[in-house]
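Notes follow once the structure below has been shown.
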2 protein chains.
Amino acid sequence: MAKGEARSRMVAGAVRLLAEKGLEGTSFAEVLAVTGGSRGSTYHHFPGGKNELIDAALDLAGAHASAALEAVRGRPASEVIAEFLALWRHLLAATELRAGCAVLAVTVAADEPDLLAHAGRIFHDWRDQLASLLVEGGLEPGRAPELAALTIAATEGAVALARAEKSWEPFDLVESFLVAETRRASS
Amino acid sequence: MAKGEARSRMVAGAVRLLAEKGLEGTSFAEVLAVTGGSRGSTYHHFPGGKNELIDAALDLAGAHASAALEAVRGRPASEVIAEFLALWRHLLAATELRAGCAVLAVTVAADEPDLLAHAGRIFHDWRDQLASLLVEGGLEPGRAPELAALTIAATEGAVALARAEKSWEPFDLVESFLVAETRRASS
DNA sequence: ACGTGACTATGCAGGTTTGCATAGTTTTCG
DNA sequence: CGAAAACTATGCAAACCTGCATAGTCACGT
């Protein structure tokens with residue numbers, strides 16, 4: 001195995017487990033059962049213990065969405081919003097509505113203030129980045145922070161509702177509203 | 001102590017702990033530390049174990065919001081939306097942005113399908129009830145399911161973002177948009 | 001008064017989790 | 001080649017959780 005690959009696989013596995021089973025369901029034992037690593041090397045890869053694993057997973061999840069958004073910089077605002085929703089649609093589809101957002105999972109179960117603050121930074125970064133993309137996509141600058149916050153909040157909630165209800169309906173309704181509203185506001 | 005009071009107190013304590021510490025943070029030990037009951041009587045009050053406690057907590061949390069909504073039946077749609085948001089604003093204010101939604105906490109951490117389905121039923125009931133209130137409040141019936149789903153999803157997300165960022169900004173932005181949009185759509 | 005059901009008090013068993021120790025193996029690089 | 005660094009393998013301790021057992025106490029109704 002290449003250098004550091006075991007660590008990377010564990011971090012990716014932690015993101016998946018956070019999304020599907022929540023923070024407490026993301027134990028080292030579960031992560032290793034998914035990634036196949038060795039129990040004894042956990043504190044070699046993560047001297048900071050579980051918090052270091054979760055921190056790395058939050059960064060990976062945050063960077064994943066951030067990179068996907070950056071790929072549509074310059075496109076019309078409604079396409080930017082559609083891309084953000086497509087990210088979550090793919091996650092729901094790939095897991096048959098079983099997975100949600102890893103950052104949200106940490107937010108609602110965080111026992112340590114550090115983890116909660118880390119999740120908060122990622123949400124804040126997403127809002128800033130999305131607002132900037134919306135402005136570049138033709139949205140009136142004064143409305144961008146509002147629509148960015150609404151989109152992220154509504155999408156996170158819609159993913160959770162779809163998971164719990166085991167139905168695409170909440171997600172579909174929220175998606176069509178957000179895309180239509182953005183089109184109206186940026187035309 | 002009156003008959004059944006210990007049980008009721010434990011259920012209420014479970015709602016608070018779910019909102020602040022998530023599903024796994026809501027252990028019998030934690031609940032009893034908050035409500036003051038006795039460890040030995042847990043399986044007297046809850047023969048079904050922890051799942052019975054969480055089920056009861058979900059019902060209480062669901063009924064609480066449902067009753068508050070029912071109290072504004074007949075009022076204009078924008079006031080109905082404002083009331084729903086006020087529910088969560090009070091929770092955030094009372095806990096200095098530390099608590100969130102108990103139903104969402106179960107959704108993202110549920111290990112048992114039964115608990116997830118129970119959370120889903122509550123979300124679905126909220127959507128149905130809110131849509132009906134919006135129609136009675138003057139909203140065009142075709143738009144009610146969409147606006148109900150958007151409001152619940154966006155509010156759940158906004159509460160989570162506000163908690164994580166320790167800032168009222170996401171909640172304020174989402175609230176002002178939803179109220180304004182409802183006013184536009186129902187005038 | 002008395003019995004029954006509701007409740008308390010204490011404790012235990014089996015499992016899981018984190019964090020670490022100790023020893024052995026593989027990889028990498030000079 | 002040879003040594004250092006990276007990694008594996010196994011296991012252990014302290015803490016926690018759930019679920020239950022056992023015994024004792026209180027309250028209420030008849």
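Quick note on labels: first sequence line is chain A, next is B, and so on, each numbered from 1.
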note: A:Phe46, atom CZ; D:dA6, atom C1'; distance rounded to Å ~ 15 Å
Whole-Å gap separating P (C:dG15) and CD (A:Glu30): 17 Å
Between C:dT18, D:dC17, D:dC7, which one does the side chain of A:His45 approach most closely? D:dC7
Find which nucleotide of DNA chain D each of A:Gly40 and A:His44 is nearest to by heavy atoms, and output the residue with the more 5' nucleotide. A:His44
What's the spacing between B:Phe177 CZ and A:Leu147 CG if we round to 0.5 Å? 6.5 Å
Figure out the CD/C1' separation between A:Glu24 and D:dA15, and round it to whole Å. 14 Å
Proximal nucleotide (of C:dA9, D:dG19, D:dA9) relative to the B:Ser38 side chain: C:dA9
Under 3.5 Å, is there a donor-acceptor pair linking the side chains of B:Glu20 and B:Thr95? no
OP1 or OP2 of D:dG19 sitting under 4.0 Å from any side-chain N/O of B:Tyr43? yes
Among C:dT18, C:dG11, D:dT8, the nucleotide that comes nearest once only the side chain of A:Ser27 is considered: C:dT18
Residue B:Phe28, side-chain atoms from C-beta onward, closest of D:dC17, D:dG19, C:dC20: D:dG19
Over 60° means perpendicular and under 30° means parallel, so tell me whether A:Phe46 and A:Phe28 are parallel, tilted or perpendicular. tilted
Does atom NZ of A:Lys21 have more than 12 heavy-atom neighbours, drawn from other residues, nucleotides or ligands, at distances under 6.0 Å? no
What does A:Ser41 touch in the nucleic acid at a heavy-atom separation under 4.0 angstrom: a base, only the sugar-phosphate, or nothing? base
Spacing between B:Leu23 atom CG and D:dT18 atom P, to the nearest angstrom: 9 Å
Separation of atom NZ in B:Lys50 from atom P in D:dC20, rounded to whole Å: 15 Å
Need one value for A:Gly49: base, sugar-phosphate or nothing, where a base atom within 4.0 Å counts as base even if backbone is also close, heavy atoms only. sugar-phosphate
Rounded to the nearest angstrom, tell me the gap between atom CG in A:Leu32 and atom C1' in D:dT8. 12 Å
For the residue pair B:Trp126 and B:Phe84, does the interplanar ring angle fall in the parallel (under 30°), tilted (30 to 60°) or perpendicular (over 60°) class? perpendicular
Between P of C:dC20 and CZ of A:Arg39, the distance in whole Å: 11 Å
Separation of A:Met10 atom CE from D:dC7 atom C1', in whole Å? 13 Å
